[in-house]
**Student:** 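Once you've had a glance at the structure underneath, I'll fire off some questions.
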Amino acid sequence: MNIEHFLKQAPKCMMGNGEDSDIVMTTRIRLARNMANTRFPLSFSQQEANEVQEKLMKALLMPQEQLNFSYFRMADLSPLERQLLVEKHLISPYLAKHKEVAAVFLSGDESTSVMVNEEDHVRIQVLSAGLQLMETYERASELDDRLGKQVSYAYDEQFGYLTSCPTNVGTGLRASIMMHLPALTMSKQMNVLIQMMTRLGMVVRGIYGEGSENLGNIYQISNQVTLGKSEREILDELQKVVEQIIEKERNARKKLLERAHVTLDDRVNRALGTLRYARVLTSEEAATCLSNVRLGVDLKLIQGISPSSLNECVMFIQPGFVQQYAGTVLDAVDRDIYRAKYVQEKLGEDRLTTGEKGEETYDV
Amino acid sequence: MICEHCKQRHASVTVTTVQNGQTVEKHYCDHCASKFHPFQTEIQEEPVALHQLISNWFGVPMWKNAQTEEKKTTQNACPSCGFTYRQFLKQGKFGCAECYSTFREQLPPVLSRLQAGTKHTGKSVAVSVEQLKQKIEEIRQQMQYAIEEERFEDAAKMRDEIKSIQHKLDAGGVDV
Ligand SMILES: [Zn+2]
Ligand SMILES: [Zn+2]
(Lines give C-alpha, C1' and ligand atoms only; values in the text may rest on other atoms or scores of the structure.)
(Ligands and ions follow the chains in the order given, each with its own letter.)
Protein backbone atom coordinates (compact mmCIF):
# COMPACT_ATOMS: atom_id res chain seq x y z
CA MET A 1 0.00 0.00 0.00
CA ASN A 2 1.21 3.51 -0.71
CA ILE A 3 1.62 6.19 1.91
CA GLU A 4 -1.65 7.97 0.95
CA HIS A 5 -3.58 5.03 2.37
CA PHE A 6 -2.20 5.89 5.79
CA LEU A 7 -2.81 9.63 5.68
CA LYS A 8 -6.46 10.05 4.78
CA GLN A 9 -8.48 8.85 7.74
CA ALA A 10 -8.16 8.34 11.44
CA PRO A 11 -7.00 4.78 12.20
CA LYS A 12 -9.90 2.36 12.13
CA CYS A 13 -8.70 0.90 15.39
CA MET A 14 -9.45 4.24 17.04
CA MET A 15 -12.99 4.34 15.75
CA GLY A 16 -14.23 1.10 17.27
CA ASN A 17 -16.37 0.76 20.32
CA GLY A 18 -14.11 -1.09 22.70
CA GLU A 19 -14.84 -1.65 26.34
CA ASP A 20 -15.46 1.54 28.36
CA SER A 21 -14.97 3.48 25.15
CA ASP A 22 -16.90 6.44 26.55
CA ILE A 23 -13.92 7.10 28.82
CA VAL A 24 -11.02 5.07 27.46
CA MET A 25 -10.18 6.12 23.92
CA THR A 26 -7.31 3.78 23.08
CA THR A 27 -4.97 1.15 24.45
CA ARG A 28 -1.42 1.16 23.13
CA ILE A 29 1.29 -1.41 23.72
CA ARG A 30 4.90 -0.78 22.80
CA LEU A 31 7.77 -3.27 22.98
CA ALA A 32 11.35 -2.01 22.69
CA ARG A 33 13.87 -4.44 21.19
CA ASN A 34 17.39 -4.30 19.81
CA MET A 35 19.36 -6.57 17.53
CA ALA A 36 22.27 -8.49 18.98
CA ASN A 37 25.78 -7.44 17.94
CA THR A 38 24.74 -4.08 16.51
CA ARG A 39 25.28 -0.83 18.36
CA PHE A 40 22.20 1.13 19.44
CA PRO A 41 21.03 3.98 17.16
CA LEU A 42 22.65 6.47 19.55
CA SER A 43 26.12 5.30 18.51
CA PHE A 44 25.74 3.18 15.39
CA SER A 45 27.07 3.95 11.90
CA GLN A 46 24.95 4.61 8.82
CA GLN A 47 26.03 1.19 7.59
CA GLU A 48 24.74 -0.49 10.75
CA ALA A 49 21.51 1.46 10.36
CA ASN A 50 21.07 0.13 6.84
CA GLU A 51 21.82 -3.42 7.99
CA VAL A 52 19.13 -3.19 10.66
CA GLN A 53 16.64 -1.98 8.04
CA GLU A 54 17.57 -4.78 5.66
CA LYS A 55 17.36 -7.52 8.30
CA LEU A 56 13.94 -6.34 9.39
CA MET A 57 12.70 -6.11 5.82
CA LYS A 58 13.75 -9.71 5.25
CA ALA A 59 11.98 -10.80 8.43
CA LEU A 60 8.78 -8.76 8.21
CA LEU A 61 8.12 -8.66 4.49
CA MET A 62 8.59 -12.41 3.97
CA PRO A 63 5.52 -13.58 2.04
CA GLN A 64 5.19 -16.75 4.15
CA GLU A 65 4.79 -14.67 7.33
CA GLN A 66 1.70 -13.03 5.78
CA LEU A 67 2.01 -9.95 7.93
CA ASN A 68 0.96 -7.63 5.09
CA PHE A 69 3.09 -4.75 6.22
CA SER A 70 3.82 -1.69 4.11
CA TYR A 71 7.31 -0.32 4.54
CA PHE A 72 8.38 3.33 4.48
CA ARG A 73 11.78 4.89 4.95
CA MET A 74 11.46 8.23 6.72
CA ALA A 75 13.85 9.78 4.21
CA ASP A 76 11.40 8.97 1.39
CA LEU A 77 8.47 10.80 3.02
CA SER A 78 7.77 14.52 2.89
CA PRO A 79 7.85 16.52 6.13
CA LEU A 80 4.04 16.77 6.07
CA GLU A 81 3.64 13.02 5.55
CA ARG A 82 5.91 12.36 8.51
CA GLN A 83 3.99 14.86 10.61
CA LEU A 84 0.67 13.20 9.76
CA LEU A 85 2.00 9.82 10.87
CA VAL A 86 3.09 11.41 14.15
CA GLU A 87 -0.29 13.06 14.65
CA LYS A 88 -1.95 9.70 14.09
CA HIS A 89 0.36 8.21 16.73
CA LEU A 90 1.58 5.65 14.19
CA ILE A 91 5.16 6.81 14.68
CA SER A 92 6.91 8.84 17.36
CA PRO A 93 8.20 12.39 16.87
CA TYR A 94 11.67 10.95 17.56
CA LEU A 95 11.38 8.58 14.59
CA ALA A 96 10.27 11.39 12.27
CA LYS A 97 13.22 13.48 13.34
CA HIS A 98 15.89 10.84 12.70
CA LYS A 99 14.97 10.46 9.08
CA GLU A 100 18.40 9.40 7.77
CA VAL A 101 18.26 6.10 9.62
CA ALA A 102 14.59 5.57 10.50
CA ALA A 103 11.81 3.60 8.82
CA VAL A 104 8.43 2.12 9.70
CA PHE A 105 6.36 -0.96 8.89
CA LEU A 106 2.59 -0.32 8.99
CA SER A 107 -0.21 -2.87 8.90
CA GLY A 108 -3.07 -2.09 6.50
CA ASP A 109 -5.55 -1.48 9.34
CA GLU A 110 -3.00 0.77 11.08
CA SER A 111 -3.30 -1.15 14.33
CA THR A 112 0.30 -2.32 14.20
CA SER A 113 3.47 -0.43 13.46
CA VAL A 114 7.09 -1.46 13.78
CA MET A 115 9.39 1.52 14.11
CA VAL A 116 12.93 0.95 12.91
CA ASN A 117 15.95 2.75 14.37
CA GLU A 118 14.09 4.90 16.81
CA GLU A 119 15.96 5.15 20.10
CA ASP A 120 16.09 1.35 19.83
CA HIS A 121 16.39 -0.73 16.67
CA VAL A 122 12.87 -2.08 16.95
CA ARG A 123 9.75 -0.65 18.55
CA ILE A 124 6.67 -2.77 18.06
CA GLN A 125 3.45 -0.85 18.63
CA VAL A 126 -0.12 -2.13 18.66
CA LEU A 127 -3.15 0.17 19.06
CA SER A 128 -6.72 -0.82 19.96
CA ALA A 129 -9.94 1.00 20.77
CA GLY A 130 -11.14 1.14 24.36
CA LEU A 131 -9.59 -0.72 27.27
CA GLN A 132 -8.00 -3.94 26.03
CA LEU A 133 -4.65 -4.28 27.74
CA MET A 134 -4.18 -8.06 27.68
CA GLU A 135 -5.53 -8.59 24.18
CA THR A 136 -3.41 -5.80 22.75
CA TYR A 137 -0.32 -7.06 24.55
CA GLU A 138 -0.89 -10.58 23.22
CA ARG A 139 -0.92 -9.24 19.68
CA ALA A 140 2.29 -7.31 20.20
CA SER A 141 3.92 -10.27 21.91
CA GLU A 142 2.97 -12.64 19.11
CA LEU A 143 4.60 -10.39 16.53
CA ASP A 144 7.60 -10.07 18.85
CA ASP A 145 7.92 -13.88 19.00
CA ARG A 146 7.77 -14.19 15.25
CA LEU A 147 10.37 -11.48 14.74
CA GLY A 148 12.57 -12.87 17.52
CA LYS A 149 12.86 -16.16 15.65
CA GLN A 150 14.07 -14.40 12.53
CA VAL A 151 16.55 -11.98 14.09
CA SER A 152 18.64 -12.33 17.27
CA TYR A 153 17.65 -9.86 19.94
CA ALA A 154 20.05 -8.22 22.41
CA TYR A 155 19.09 -10.01 25.61
CA ASP A 156 20.76 -10.58 28.96
CA GLU A 157 19.87 -13.23 31.55
CA GLN A 158 19.92 -10.63 34.31
CA PHE A 159 18.65 -7.48 32.62
CA GLY A 160 16.29 -8.98 30.06
CA TYR A 161 15.76 -7.16 26.75
CA LEU A 162 18.52 -4.57 26.47
CA THR A 163 17.52 -1.04 25.50
CA SER A 164 19.34 2.22 24.98
CA CYS A 165 17.57 3.87 27.92
CA PRO A 166 17.61 2.07 31.28
CA THR A 167 13.98 3.15 31.79
CA ASN A 168 12.94 0.59 29.13
CA VAL A 169 15.22 -2.34 29.97
CA GLY A 170 13.82 -5.72 31.04
CA THR A 171 10.45 -6.27 29.42
CA GLY A 172 10.81 -3.27 27.10
CA LEU A 173 7.07 -2.90 27.65
CA ARG A 174 5.26 0.41 27.75
CA ALA A 175 1.48 0.14 27.99
CA SER A 176 -0.45 3.37 27.56
CA ILE A 177 -4.12 4.09 28.07
CA MET A 178 -5.59 7.25 26.59
CA MET A 179 -8.49 8.49 28.71
CA HIS A 180 -11.00 11.33 28.39
CA LEU A 181 -11.51 12.68 31.91
CA PRO A 182 -13.55 15.90 31.69
CA ALA A 183 -15.54 15.51 34.93
CA LEU A 184 -12.45 14.78 37.05
CA THR A 185 -10.71 17.76 35.47
CA MET A 186 -13.69 20.09 35.95
CA SER A 187 -14.04 19.07 39.57
CA LYS A 188 -10.30 19.70 40.07
CA GLN A 189 -9.49 16.17 41.17
CA MET A 190 -6.86 15.46 38.54
CA ASN A 191 -3.83 16.90 40.35
CA VAL A 192 -4.42 14.66 43.34
CA LEU A 193 -5.07 11.67 41.09
CA ILE A 194 -1.92 12.29 39.07
CA GLN A 195 0.07 12.28 42.30
CA MET A 196 -1.60 9.07 43.35
CA MET A 197 -0.84 7.43 40.03
CA THR A 198 2.76 8.66 40.14
CA ARG A 199 3.19 7.03 43.52
CA LEU A 200 1.79 3.81 42.09
CA GLY A 201 4.49 3.87 39.43
CA MET A 202 2.43 5.31 36.59
CA VAL A 203 3.29 8.14 34.23
CA VAL A 204 0.59 10.62 33.23
CA ARG A 205 0.72 13.11 30.37
CA GLY A 206 -1.36 14.86 27.71
CA ILE A 207 -2.00 13.43 24.25
CA TYR A 208 -0.77 16.21 22.06
CA GLY A 209 2.71 15.83 23.51
CA GLU A 210 4.57 17.71 26.17
CA GLY A 211 3.44 21.12 27.35
CA SER A 212 -0.17 20.24 26.54
CA GLU A 213 -0.74 18.45 29.78
CA ASN A 214 -4.50 18.23 29.70
CA LEU A 215 -5.51 19.79 26.41
CA GLY A 216 -8.99 18.49 25.68
CA ASN A 217 -9.03 16.73 29.06
CA ILE A 218 -7.29 13.76 27.50
CA TYR A 219 -4.65 12.00 29.53
CA GLN A 220 -2.28 9.20 28.70
CA ILE A 221 -1.49 6.87 31.57
CA SER A 222 1.42 4.43 31.23
CA ASN A 223 3.55 2.14 33.34
CA GLN A 224 6.90 3.47 34.43
CA VAL A 225 8.59 0.27 35.55
CA THR A 226 9.87 -2.21 32.97
CA LEU A 227 12.34 -4.28 35.03
CA GLY A 228 11.73 -6.41 38.11
CA LYS A 229 8.12 -7.12 37.17
CA SER A 230 6.68 -9.50 34.61
CA GLU A 231 4.57 -8.27 31.70
CA ARG A 232 1.45 -9.61 33.38
CA GLU A 233 2.20 -7.83 36.66
CA ILE A 234 2.81 -4.56 34.82
CA LEU A 235 -0.43 -4.87 32.85
CA ASP A 236 -2.49 -5.96 35.88
CA GLU A 237 -1.31 -2.98 37.89
CA LEU A 238 -2.09 -0.55 35.09
CA GLN A 239 -5.48 -2.20 34.59
CA LYS A 240 -6.33 -1.72 38.27
CA VAL A 241 -5.33 1.93 38.26
CA VAL A 242 -7.28 2.61 35.07
CA GLU A 243 -10.37 0.85 36.41
CA GLN A 244 -10.24 3.03 39.50
CA ILE A 245 -9.95 6.17 37.42
CA ILE A 246 -12.87 5.08 35.23
CA GLU A 247 -15.00 4.61 38.31
CA LYS A 248 -13.99 7.98 39.70
CA GLU A 249 -14.75 9.69 36.39
CA ARG A 250 -18.19 8.04 36.25
CA ASN A 251 -18.92 9.18 39.80
CA ALA A 252 -17.76 12.69 39.04
CA ARG A 253 -20.02 12.79 35.95
CA LYS A 254 -22.96 11.57 38.00
CA LYS A 255 -22.36 14.24 40.62
CA LEU A 256 -22.05 16.96 38.00
CA LEU A 257 -25.36 15.86 36.50
CA GLU A 258 -27.06 15.87 39.89
CA ARG A 259 -25.64 19.08 41.26
CA ALA A 260 -25.09 21.25 38.22
CA HIS A 261 -27.39 19.93 35.55
CA VAL A 262 -28.24 23.28 34.00
CA THR A 263 -24.68 24.60 34.11
CA LEU A 264 -23.41 21.41 32.50
CA ASP A 265 -26.18 21.35 29.89
CA ASP A 266 -25.37 24.96 29.07
CA ARG A 267 -21.65 24.35 28.84
CA VAL A 268 -21.80 21.34 26.53
CA ASN A 269 -24.34 22.95 24.21
CA ARG A 270 -22.41 26.20 24.06
CA ALA A 271 -19.40 24.15 23.06
CA LEU A 272 -21.43 22.52 20.30
CA GLY A 273 -22.52 25.99 19.17
CA THR A 274 -18.93 27.13 18.99
CA LEU A 275 -17.87 24.09 16.97
CA ARG A 276 -20.77 24.54 14.57
CA TYR A 277 -20.62 28.28 14.05
CA ALA A 278 -17.13 29.54 14.86
CA ARG A 279 -15.18 30.88 11.89
CA VAL A 280 -11.80 30.78 13.65
CA LEU A 281 -10.76 27.95 15.97
CA THR A 282 -7.43 27.60 17.73
CA SER A 283 -6.38 24.07 18.56
CA GLU A 284 -6.84 24.80 22.28
CA GLU A 285 -10.39 26.04 21.86
CA ALA A 286 -11.24 23.20 19.50
CA ALA A 287 -9.85 20.63 21.94
CA THR A 288 -11.79 22.11 24.86
CA CYS A 289 -15.06 22.29 22.91
CA LEU A 290 -14.65 18.77 21.54
CA SER A 291 -14.14 17.52 25.08
CA ASN A 292 -17.30 19.26 26.29
CA VAL A 293 -19.36 18.02 23.36
CA ARG A 294 -18.07 14.51 23.90
CA LEU A 295 -19.15 14.72 27.53
CA GLY A 296 -22.54 16.00 26.42
CA VAL A 297 -22.95 13.08 24.02
CA ASP A 298 -21.87 10.57 26.68
CA LEU A 299 -24.37 12.04 29.15
CA LYS A 300 -27.15 12.25 26.52
CA LEU A 301 -27.36 16.01 26.83
CA ILE A 302 -26.52 16.18 23.12
CA GLN A 303 -28.06 14.00 20.45
CA GLY A 304 -27.16 13.37 16.85
CA ILE A 305 -23.38 13.55 17.10
CA SER A 306 -21.46 10.31 16.87
CA PRO A 307 -18.54 9.65 19.20
CA SER A 308 -16.46 8.44 16.26
CA SER A 309 -16.82 11.80 14.49
CA LEU A 310 -15.59 13.46 17.64
CA ASN A 311 -12.64 11.05 17.90
CA GLU A 312 -11.82 11.88 14.33
CA CYS A 313 -11.95 15.60 15.06
CA VAL A 314 -9.62 15.17 18.03
CA MET A 315 -7.04 13.88 15.58
CA PHE A 316 -7.83 16.17 12.66
CA ILE A 317 -7.59 19.46 14.54
CA GLN A 318 -3.81 18.99 14.70
CA PRO A 319 -1.72 21.29 12.46
CA GLY A 320 -0.61 18.63 9.96
CA PHE A 321 -4.12 17.38 9.30
CA VAL A 322 -5.53 20.88 8.96
CA GLN A 323 -2.94 21.57 6.28
CA GLN A 324 -3.69 18.34 4.51
CA TYR A 325 -7.40 19.23 4.57
CA ALA A 326 -6.62 22.65 3.12
CA GLY A 327 -4.29 21.06 0.58
CA THR A 328 -1.55 23.59 1.20
CA VAL A 329 0.95 24.83 3.75
CA LEU A 330 -0.72 27.30 6.14
CA ASP A 331 0.45 29.73 8.76
CA ALA A 332 -1.09 29.59 12.23
CA VAL A 333 -3.81 32.18 11.46
CA ASP A 334 -5.02 30.35 8.36
CA ARG A 335 -4.83 27.04 10.16
CA ASP A 336 -7.37 28.33 12.68
CA ILE A 337 -9.74 29.26 9.84
CA TYR A 338 -9.45 25.90 8.08
CA ARG A 339 -9.76 24.08 11.41
CA ALA A 340 -13.11 25.77 12.02
CA LYS A 341 -14.20 24.86 8.50
CA TYR A 342 -13.22 21.22 8.89
CA VAL A 343 -14.99 20.78 12.24
CA GLN A 344 -18.15 22.38 10.88
CA GLU A 345 -18.16 20.08 7.88
CA LYS A 346 -17.56 17.00 10.00
CA LEU A 347 -20.29 17.78 12.52
CA GLY A 348 -22.64 18.86 9.71
CA GLU A 349 -22.35 15.40 8.18
CA ASP A 350 -23.57 13.96 11.44
CA ARG A 351 -26.61 16.18 11.53
CA LEU A 352 -27.68 14.80 8.16
CA THR A 353 -27.40 11.25 9.34
CA THR A 354 -28.86 11.86 12.80
CA GLY A 355 -30.34 8.87 14.52
CA GLU A 356 -28.75 5.54 15.25
CA LYS A 357 -25.22 6.89 14.99
CA GLY A 358 -25.46 9.04 18.09
CA GLU A 359 -26.92 6.29 20.21
CA GLU A 360 -24.37 5.08 22.65
CA THR A 361 -25.20 3.57 25.97
CA TYR A 362 -23.82 5.24 29.00
CA ASP A 363 -24.45 3.33 32.18
CA VAL A 364 -23.95 5.34 35.32
CA MET B 1 6.76 17.98 56.90
CA ILE B 2 9.04 20.06 54.69
CA CYS B 3 10.15 18.86 51.22
CA GLU B 4 13.50 17.10 51.50
CA HIS B 5 14.71 18.57 48.26
CA CYS B 6 13.91 22.30 48.15
CA LYS B 7 13.42 22.54 51.90
CA GLN B 8 10.83 25.23 51.26
CA ARG B 9 7.47 23.82 50.39
CA HIS B 10 5.24 21.44 52.28
CA ALA B 11 6.01 17.79 51.47
CA SER B 12 2.95 16.06 50.05
CA VAL B 13 4.40 13.18 48.06
CA THR B 14 6.13 10.13 49.47
CA VAL B 15 8.49 8.42 47.07
CA THR B 16 9.49 4.90 47.97
CA THR B 17 12.68 3.55 46.46
CA VAL B 18 14.49 0.30 47.00
CA GLN B 19 18.19 0.65 47.65
CA ASN B 20 20.30 -2.44 48.15
CA GLY B 21 17.19 -4.32 49.14
CA GLN B 22 16.15 -1.70 51.70
CA THR B 23 13.06 0.42 51.28
CA VAL B 24 13.76 4.11 51.65
CA GLU B 25 11.07 6.75 51.94
CA LYS B 26 11.60 10.30 50.74
CA HIS B 27 9.20 13.18 51.14
CA TYR B 28 8.84 15.87 48.48
CA CYS B 29 6.55 18.72 47.55
CA ASP B 30 4.44 18.43 44.38
CA HIS B 31 6.80 20.62 42.49
CA CYS B 32 9.98 18.70 43.26
CA ALA B 33 8.32 15.30 43.02
CA SER B 34 7.24 15.99 39.47
CA LYS B 35 10.77 17.00 38.54
CA PHE B 36 12.27 13.73 39.75
CA HIS B 37 9.96 11.65 37.74
CA PRO B 38 12.09 9.50 35.45
CA PHE B 39 9.66 9.82 32.53
CA GLN B 40 11.05 13.26 31.94
CA THR B 41 14.10 11.62 30.47
CA GLU B 42 11.79 10.23 27.85
CA ILE B 43 9.70 13.13 26.72
CA GLN B 44 12.07 16.04 26.78
CA GLU B 45 14.02 16.82 23.65
CA GLU B 46 17.23 17.12 25.59
CA PRO B 47 16.79 14.39 28.15
CA VAL B 48 17.38 15.29 31.75
CA ALA B 49 20.71 13.67 32.35
CA LEU B 50 20.43 10.60 34.45
CA HIS B 51 23.18 11.77 36.75
CA GLN B 52 21.12 14.88 37.37
CA LEU B 53 18.18 12.72 38.23
CA ILE B 54 20.18 10.57 40.54
CA SER B 55 21.99 13.40 42.24
CA ASN B 56 18.72 15.30 42.58
CA TRP B 57 17.37 12.27 44.27
CA PHE B 58 19.98 12.51 46.96
CA GLY B 59 20.34 16.26 46.91
CA VAL B 60 24.08 15.96 46.29
CA PRO B 61 26.08 15.63 43.11
CA MET B 62 26.82 12.02 42.37
CA TRP B 63 30.57 12.22 41.97
CA LYS B 64 31.25 14.18 45.07
CA ASN B 65 30.08 11.08 46.84
CA ALA B 66 32.10 8.68 44.84
CA GLN B 67 35.28 10.32 43.69
CA THR B 68 37.39 7.20 43.99
CA GLU B 69 34.72 5.23 42.22
CA GLU B 70 34.77 7.75 39.40
CA LYS B 71 38.49 7.42 38.74
CA LYS B 72 38.11 3.72 38.37
CA THR B 73 35.06 3.87 36.15
CA THR B 74 36.06 6.66 33.77
CA GLN B 75 38.88 4.48 32.47
CA ASN B 76 36.43 1.69 31.98
CA ALA B 77 35.09 2.24 28.44
CA CYS B 78 32.75 -0.08 26.57
CA PRO B 79 34.86 -2.00 24.02
CA SER B 80 32.13 -1.96 21.41
CA CYS B 81 30.83 1.64 21.43
CA GLY B 82 33.44 3.48 23.50
CA PHE B 83 30.96 4.80 26.07
CA THR B 84 32.34 5.44 29.53
CA TYR B 85 30.27 5.12 32.66
CA ARG B 86 30.45 8.87 33.08
CA GLN B 87 29.08 9.37 29.58
CA PHE B 88 26.22 7.05 30.44
CA LEU B 89 25.41 9.09 33.55
CA LYS B 90 25.54 12.27 31.52
CA GLN B 91 23.29 11.10 28.69
CA GLY B 92 21.18 8.65 30.60
CA LYS B 93 21.49 6.21 27.69
CA PHE B 94 23.68 3.31 26.66
CA GLY B 95 25.53 3.17 23.36
CA CYS B 96 25.15 -0.56 22.82
CA ALA B 97 24.08 -3.83 24.37
CA GLU B 98 27.63 -4.56 25.51
CA CYS B 99 27.53 -1.51 27.80
CA TYR B 100 25.34 -3.59 30.08
CA SER B 101 28.11 -6.16 30.49
CA THR B 102 30.83 -3.54 30.75
CA PHE B 103 29.06 -1.67 33.56
CA ARG B 104 27.29 -4.68 35.04
CA GLU B 105 28.71 -4.07 38.52
CA GLN B 106 27.67 -0.42 38.66
CA LEU B 107 24.17 -0.85 37.27
CA PRO B 108 22.09 -2.38 40.09
CA PRO B 109 22.09 0.80 42.25
CA VAL B 110 21.08 2.92 39.24
CA LEU B 111 18.42 0.49 38.07
CA SER B 112 16.91 0.01 41.51
CA ARG B 113 16.15 3.72 41.59
CA LEU B 114 14.39 3.67 38.23
CA GLN B 115 12.90 0.22 38.33
CA ALA B 116 11.08 -2.26 40.57
CA GLY B 117 14.12 -4.51 40.74
CA THR B 118 17.38 -5.35 39.04
CA LYS B 119 16.47 -8.76 37.66
CA HIS B 120 14.33 -9.42 34.61
CA THR B 121 11.38 -11.66 35.51
CA GLY B 122 9.33 -11.27 32.33
CA LYS B 123 9.18 -13.09 29.05
CA SER B 124 12.39 -14.77 27.95
CA VAL B 125 13.88 -14.43 24.54
CA ALA B 126 13.25 -16.78 21.63
CA VAL B 127 16.19 -18.50 20.01
CA SER B 128 16.54 -17.12 16.53
CA VAL B 129 17.21 -19.02 13.35
CA GLU B 130 20.46 -17.09 13.11
CA GLN B 131 21.62 -18.33 16.52
CA LEU B 132 20.66 -21.93 15.76
CA LYS B 133 22.66 -21.84 12.55
CA GLN B 134 25.64 -20.48 14.42
CA LYS B 135 25.33 -23.21 17.00
CA ILE B 136 25.28 -25.90 14.31
CA GLU B 137 28.40 -24.41 12.78
CA GLU B 138 30.21 -24.52 16.14
CA ILE B 139 29.27 -28.11 16.85
CA ARG B 140 30.19 -29.14 13.32
CA GLN B 141 33.68 -27.81 13.89
CA GLN B 142 34.00 -29.60 17.21
CA MET B 143 32.79 -32.75 15.52
CA GLN B 144 35.55 -32.37 12.95
CA TYR B 145 38.17 -32.22 15.73
CA ALA B 146 36.60 -35.20 17.44
CA ILE B 147 36.83 -37.24 14.26
CA GLU B 148 40.45 -36.22 13.70
CA GLU B 149 41.24 -37.29 17.25
CA GLU B 150 39.32 -40.53 16.66
CA ARG B 151 36.83 -39.80 19.47
CA PHE B 152 34.08 -41.38 17.44
CA GLU B 153 31.62 -41.72 20.28
CA ASP B 154 31.79 -37.98 20.96
CA ALA B 155 31.44 -37.27 17.27
CA ALA B 156 28.30 -39.38 17.09
CA LYS B 157 26.78 -37.46 20.00
CA MET B 158 27.56 -34.20 18.25
CA ARG B 159 26.01 -35.44 15.04
CA ASP B 160 22.79 -36.21 16.96
CA GLU B 161 22.87 -32.79 18.54
CA ILE B 162 23.18 -31.15 15.13
CA LYS B 163 20.26 -33.23 13.94
CA SER B 164 18.06 -32.11 16.79
CA ILE B 165 18.95 -28.44 16.27
CA GLN B 166 18.32 -28.83 12.56
CA HIS B 167 14.91 -30.15 13.54
CA LYS B 168 14.19 -27.04 15.60
CA LEU B 169 15.43 -24.92 12.74
CA ASP B 170 12.98 -26.55 10.38
CA ALA B 171 10.24 -25.67 12.86
CA GLY B 172 11.34 -22.03 12.69
CA GLY B 173 13.13 -21.55 16.01
CA VAL B 174 11.90 -22.31 19.53
CA ASP B 175 11.52 -20.62 22.86
CA VAL B 176 14.03 -21.46 25.57
ZN1 LIG C 1 10.39 20.76 47.15
ZN1 LIG D 1 28.63 0.05 24.61
Side-chain angles (χ1 to χ4, degrees), chain A residues 34-40 42-44 55 93-94 97 119 141 144-174 191 194-195 198-199 201 203-205 209-210 222 224-234, chain B residues 12-16 18 30 33-34 36-45 47 50 78 80-83 88 91-101 104 107-108 110-132 134 171-175:
Chain A
N34 283 284
M35 316 276 240
N37 309 317
T38 309
R39 287 173 294 177
F40 295 154
L42 187 62
S43 61
F44 69 4
K55 273 192 185 172
Y94 188 98
K97 214 165 89 185
E119 187 182 282
S141 180
D144 175 46
D145 288 342
R146 287 166 80 166
L147 184 55
K149 283 172 192 168
Q150 298 303 321
V151 302
S152 314
Y153 284 148
Y155 181 87
D156 182 274
E157 283 303 319
Q158 184 185 358
F159 300 130
Y161 292 93
L162 302 178
T163 55
S164 183
C165 188
T167 55
N168 294 316
V169 74
T171 57
L173 167 65
R174 188 84 64 222
N191 282 345
I194 288 173
Q195 276 178 41
T198 306
R199 261 171 282 164
V203 175
V204 187
R205 56 169 148 143
E210 61 204 271
S222 353
Q224 182 206 306
V225 162
T226 56
L227 179 67
K229 281 181 185 163
S230 69
E231 289 83 0
R232 182 166 275 280
E233 287 173 301
I234 291 169
Chain B
S12 54
V13 179
T14 308
V15 179
T16 317
V18 181
D30 295 353
S34 69
F36 293 147
H37 214 271
F39 85 90
Q40 299 227 340
T41 56
E42 240 190 27
I43 60 162
Q44 287 184 3
E45 290 224 280
L50 196 60
C78 172
S80 148
C81 71
F83 260 50
F88 157 65
Q91 293 192 270
K93 314 261 160 137
F94 293 108
C96 75
E98 218 169 301
C99 289
Y100 282 91
S101 312
R104 187 176 298 276
L107 290 183
V110 176
L111 290 174
S112 63
R113 251 151 254 156
L114 298 165
Q115 300 283 4
T118 57
K119 173 91 183 81
H120 177 58
T121 58
K123 169 178 177 175
S124 52
V125 75
V127 178
S128 71
V129 171
E130 204 174 35
Q131 284 161 329
L132 290 176
Q134 237 166 41
V174 282
D175 301 324

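In what follows, every chain begins at residue 1, and chains take the letters A, B, ... in the order their sequences are listed. The basis for the numbers below is simple: all heavy atoms, side chains too, and nothing from hydrogens, waters or symmetry mates.
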**Student:** If you round to the nearest 0.5 Å, how far is OG of A:S222 from CD1 of A:I234?
**Tutor:** 12.0 Å
**Student:** For A:N168, run the side chain to side chain contact (heavy atoms under 4.5 Å, CB included) check against A:L173, A:N34, A:T163, A:L162 and tell me which one passes.
**Tutor:**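 Option passing the side chain to side chain contact (heavy atoms under 4.5 Å, CB included) with A:N168: A:T163.
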**Student:** Between A:S164 and A:E119, do the side chains contain a donor N or O and an acceptor N or O under 3.5 Å apart?
**Tutor:**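 Judged by distance alone, the side chains do not pair up.
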**Student:** Please look at A:Q195 and chain B and tell me whether the side chain, the backbone, both or neither of the residue comes under 4.5 angstrom of a heavy atom of that chain.
**Tutor:** side chain
**Student:** Relative to chain A, which of B:G117, B:C78, B:S80, B:C96 shows the most heavy atom pairs under 4.5 Å?
**Tutor:** B:C96
**Student:** May I ask you to check whether A:F40 and B:F94 place their ring centres under 6.0 Å from each other?
**Tutor:** no
**Student:** Would you mind telling me which of B:H120, B:R104, B:E130 has the largest number of heavy-atom pairs within less than 4.5 Å of chain A?
**Tutor:** B:H120
**Student:** Do A:T171 and B:K123 have side chains that get closer than 4.5 Å, going by heavy atoms?
**Tutor:**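 When only atoms from C-beta onward are counted, B:K123 and A:T171 do not touch, as no gap falls below 4.5 Å.
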**Student:** Testing the basics here: between A:V151 and A:K55, what is the closest heavy-atom pair and its distance to 0.1 Å?
**Tutor:** CG1-O, 4.3 Å
**Student:** Is chain B contacted by the side chain of A:Y155, its backbone, both, or neither, given a heavy-atom distance below 4.5 Å?
**Tutor:** side chain
**Student:** May I ask you to name which of A:A154, A:S43, A:A36 has the most heavy-atom pairs under 4.5 Å with chain B?
**Tutor:**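 Answer, by heavy-atom pair count under 4.5 Å with chain B: A:S43.
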**Student:** If you count heavy-atom pairs under 4.5 Å with chain B, which of A:G170, A:S152, A:G160 comes out on top?
**Tutor:** A:S152
**Student:** Most heavy-atom pairs under 4.5 angstrom with chain A, which of B:C99, B:G122, B:G95?
**Tutor:**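 If we count pairs closer than 4.5 Å to chain A, B:G95 comes out on top.
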